[in-house]
Amino acid sequence: MNKFSSFFTSTSPLLLLLLGVGIEFLSKLIEKRFTSLALGLQLLAFIVIVYSLIRLLNRKRNTSRK
């Protein structure tokens, strides 16, 4: 669990954003066959994308204050 949480805290926001977009693309590919799995992947992608956008905006805001 520690490796999982450290991955999200140490990875750059742009890489997390690309990961979220990739998960969303994968969920759209399997949406016809496995609707419940695709819905879960879309939820996961949404959480990852929102988290990466928040980190990206906080990083830009913190660098502009210096």
Heavy-atom closest pair, residues [X] and [Y]:
{"X": "Ala45", "Y": "Ile23", "result": "CB-CG2, 3.8 Å"}
{"X": "Ser27", "Y": "Ala38", "result": "O-CB, 3.5 Å"}
{"X": "Ile49", "Y": "Val21", "result": "CD1-N, 4.1 Å"}

- Task: Not counting sequence neighbours, list each pair that qualifies as a salt bridge (Lys or Arg N to Asp or Glu O under 4.0 Å) and has a residue in residues 30-49.
- Result: Lys28-Glu31

- Query: Hey, what else clusters with Leu29 if you join Ile, Leu, Val, Met, Phe, Trp, Tyr whenever side-chain heavy atoms sit under 4.5 Å?
  - Reply: Phe25

- If you link ILVMFWY side chains whenever their heavy atoms are less than 4.5 Å apart, which other residues fall into the same cluster as Leu14? By chain and number, please. Leu56

Taking atom [atom1] of [X] and atom [atom2] of [Y], what is their separation to the nearest 0.5 Å?
{"X": "Leu17", "Y": "Ser52", "atom1": "CG", "atom2": "OG", "answer": "4.0 Å"}
{"X": "Leu26", "Y": "Leu37", "atom1": "CG", "atom2": "CG", "answer": "8.0 Å"}
{"X": "Thr35", "Y": "Leu39", "atom1": "OG1", "atom2": "CG", "answer": "8.0 Å"}
{"X": "Leu43", "Y": "Ile47", "atom1": "CG", "atom2": "CD1", "answer": "4.0 Å"}

- Message: With clusters defined by side-chain heavy atoms of hydrophobic residues (ILVMFWY) lying less than 4.5 Å apart, directly or transitively, does Leu19 cluster with Tyr51?
- Response: yes

- Task: Indicate, with yes or no, if Leu53 and Leu44 share a hydrophobic cluster defined by side-chain heavy-atom contacts under 4.5 Å among Ile, Leu, Val, Met, Phe, Trp and Tyr.
- Result: no

- Got a donor-acceptor contact below 3.5 angstrom from the Arg55 side chain to the Thr11 backbone? yes

